[in-house]
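Only one structure is covered here, and it is reproduced in the block below.
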Amino acid sequence: MITLSHVVYAIVTVSIIIVMLLRRGVVIPSLIGTFLVGWIFKGSVISGFQAVYNANLTAAKELFTIFLIITFMVALLASLRDIGADRRMIRPIQKLMINGHVAFFVLAVVTYVISLFFWPTPAVPLIGALLFPAAIRVGLPPMAAAMAVALAGQGMALSSDYIMQVAPMLSAKGAGVSTASVADKAMVLSLITGVVSIATAYLMHRKAIRKESVTPLVQHDFGNARPVEESPEYAQAAAAVETLPANILKWSKIFSVLVPLSMLAVMVVMAASKFGGTSMGGFEGGDGAAFIGGVAVILLILSCTVFSKIGALDKISDHLTEGFVFAFKAMGPVIPIAGFFFLGNADFSKSILSLGENIPAPAILYDLVMSVQYAIPANGFLTSFGILAIGIIAGLEGSGFSGLPLTGSLSGALGPTVGIDPSTLAAIGQMGSVWSGGGTLIAWSSLVAVAGFAGVPVIELARKNFIPVVLGLVIATVAALFIW
C-alpha cells in the first residue's frame, strides 16, 4: 500500500535528479528527504532526527571498507613518492613512444593500468608530468594525449573499478545483489565502452598526428600551451630521481620493480581464483579489496622503513592521514546520498527507522515501482537505456560515484519487472554515472587536472570526448542485452 512516506520519498528522488541536472550538490536534498520520510513514517519529528543519523551511520558502516582501501592505496603511492619509485616506474615507458601513433596507445594503456590500482586522480599528476611531454614531443597533439588519458583513466578504469571495487560495491548495495556479479559485468562493459571510445578518439586525431617535434607544446597554467623543450614538472621529476641519496636511490630502483610485480601478482591470483585455478576460491564481495589492501599495507610499511628507518614509526602515520583525507574528500558526500537511498531498501530501512523485531522492514522504492508496474513497458531495451540515461544525469553533479546508490536501487526495483538481472542494470547505470561524472563528459570534474597537464581548454576536452563516450556507452548497453 502506498502511504504518504512513499509519496514523499518519490518526490525527493525526483528532486535529487532535478538538482543533479542543475549541476548542484544533492547532499542537502538527501538529508532533508531522509528526515521527512523518517518523520512521516513513524509520525514523530524525533524519529525524523534519528533517521537522519541512523541513515548516515548505516551508510558509513556499509561503505567504510571503501574508504579503507582508498586510504591504503593513496598512502602507498605517497610513500613511493618519497623514494622516487613512482617516477622511476614510469620512466622506462617513455622509450616506447617512438611516434605519435604509438604514444597515443601507450598513454591509454599505462593510464588504465595505473588507474585500475590507484584511481585516476592521484595517477594523473604522475602521468602528466612524465609522459605527456614525451608523447607530445614525438608528435601527438595535446588534445589527443588528454583524450587518451581521460578515456582510459577516468573512463575505462574508474567505471569498472575492478581492483578496488568501490563503484561495484556501491551499485551492488543499492541493487541488493552481490558485488562480484556487478563487478564482473561492469568490467566487460567498461572494456567495450573504453575500446570503442579510445578507438574513435584515435580516428578523430589520426591525421593530426605529426612527425617528431623539437619544441612540442606542453602544458602550463591549466590551458595556456607554450613551446618549451621540456615541461617544468618533467625536469623537476627527473632531477628528483637523479639527486636522491645513493642508499635511497638503490631502494627506489628496487621498489620501482617490486610494486608493479606485486600488483601483477595480485591480479594473477585474483584471476586464477575466479576461474578455479587456486584452492582459495573466488574473491567474493570485499575479499578482493581486502587482498589488495593488505598487500598495499605491507608495501607501505617496507617503503616507509627504507626511507625513514626508525622515523617510519611516525612517517607512516602521515601517509595514512593523507590517504584518509583523500578518501573522505572523494567519497564523503556519498554517505548521506547513500543513506537516503538505503532508506528505500528493505535490507537497511529497519535499522535506519529503528523498527522493532516484529515490524516488517518497509521496501519503499520497491513498493513505488510495483505501484506503477502497469505503466512500465516490459521492455528490457527501454529500461536499460533509461537506467543509462539516469546514470549519465546523476553524473552531472561532478562525482561519478554519488549517483550509484540511485542507479543501483532503481536497478534492483526495475530488474524483476522487466525480466533483466538487476546486476546487469546496475552495471549499465554504473557505466553512465562514472563515465559522465568521473571525468570524461563534464568540465567541472577531475577532467580539469587532465586538461591542465595537457595544456588544453577543459571545456573543449569535454566536448571532444562526447561523441566517443556516448557511442561507446550505447554499444556497451546493447551488448549487455545480448550477452546477459
Side-chain angles (χ1 to χ4, degrees), residues 86-115 120-157 194 197-242 439-440 443 446-465 468-469:
D86 61 337
R87 300 179 290 271
R88 190 171 292 278
M89 285 190 295
I90 294 295
R91 290 178 63 189
I93 300 170
Q94 296 172 343
K95 299 177 183 178
L96 299 176
M97 297 182 176
I98 56 178
N99 58 52
H101 300 278
V102 174
F104 179 87
F105 292 103
V106 168
L107 273 178
V109 171
V110 172
T111 302
Y112 178 72
V113 173
I114 294 178
S115 300
T121 303
V124 164
L126 180 63
I127 295 168
L130 298 181
L131 293 188
F132 270 177
I136 297 172
R137 186 171 60 245
V138 296
L140 185 66
M143 181 61 73
M147 290 181 71
V149 170
L151 296 175
Q154 275 93 332
M156 186 163 62
S197 61
I198 290 172
T200 304
Y202 171 74
L203 293 175
M204 289 170 58
H205 292 277
R206 181 171 56 87
K207 294 182 179 179
I209 296 176
R210 60 192 185 277
K211 293 183 179 180
E212 183 172 344
S213 173
V214 177
T215 57
L217 289 175
V218 295
Q219 83 289 348
H220 189 63
D221 292 339
F222 284 83
N224 298 317
R226 62 186 178 91
V228 294
E229 294 187 0
E230 296 287 4
S231 70
E233 290 85 356
Y234 178 90
Q236 182 182 4
V241 173
E242 298 303 331
T440 63
S446 57
L447 194 64
V448 171
V450 179
F453 276 100
V456 299
V458 65
I459 296 293
E460 182 66 12
L461 176 56
R463 189 182 69 80
K464 290 281 188 180
N465 283 339
V469 170

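In this text the structure is predicted, and so the values were computed from the model without any measurement. Values below: all heavy atoms of this structure, side chains included; hydrogens, waters and symmetry mates excluded.
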* To do: Could you walk me through whether Ile98 and Val138 pass side chain to side chain contact (heavy atoms under 4.5 Å, CB included), step by step?
  => CA-CA 7 Å; Ile98 56 178; Val138 296; over 6 Å; no

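Between Leu447 and Asn465, some side-chain heavy-atom pair lies under the 4.5 Å cut-off.
Scanning all heavy atoms of the two residues, the minimum distance from Ser115 to Ala157 falls at CB-CB, 3.7 Å. In terms of heavy-atom proximity, Val456 sits nearest to Ala146 at CG2-CB, 4.1 Å. Minimum heavy-atom separation, Met204 to Lys464: CE-O, 3.8 Å. Minimum heavy-atom separation, Val102 to Leu96: CG1-O, 3.3 Å. Closest approach of Pro457 and Ala451 over heavy atoms only: C-CB, 4.4 Å.
Summarising the geometry, atom CD1 belonging to Ile198 is positioned 6.5 Å from atom CZ belonging to Phe104; distances are rounded to the nearest 0.5 Å. The distance from atom CG of Leu107 to atom CG of Leu151, rounded to the nearest 0.5 Å, is 11.5 Å. Annotation: the span from Met143 atom CE to His205 atom NE2 amounts to 6.5 Å, rounded to 0.5 Å.
The aromatic rings of Tyr202 and His101 stand perpendicular to each other, their planes meeting at an angle above 60°, with 30° marking the opposite boundary.
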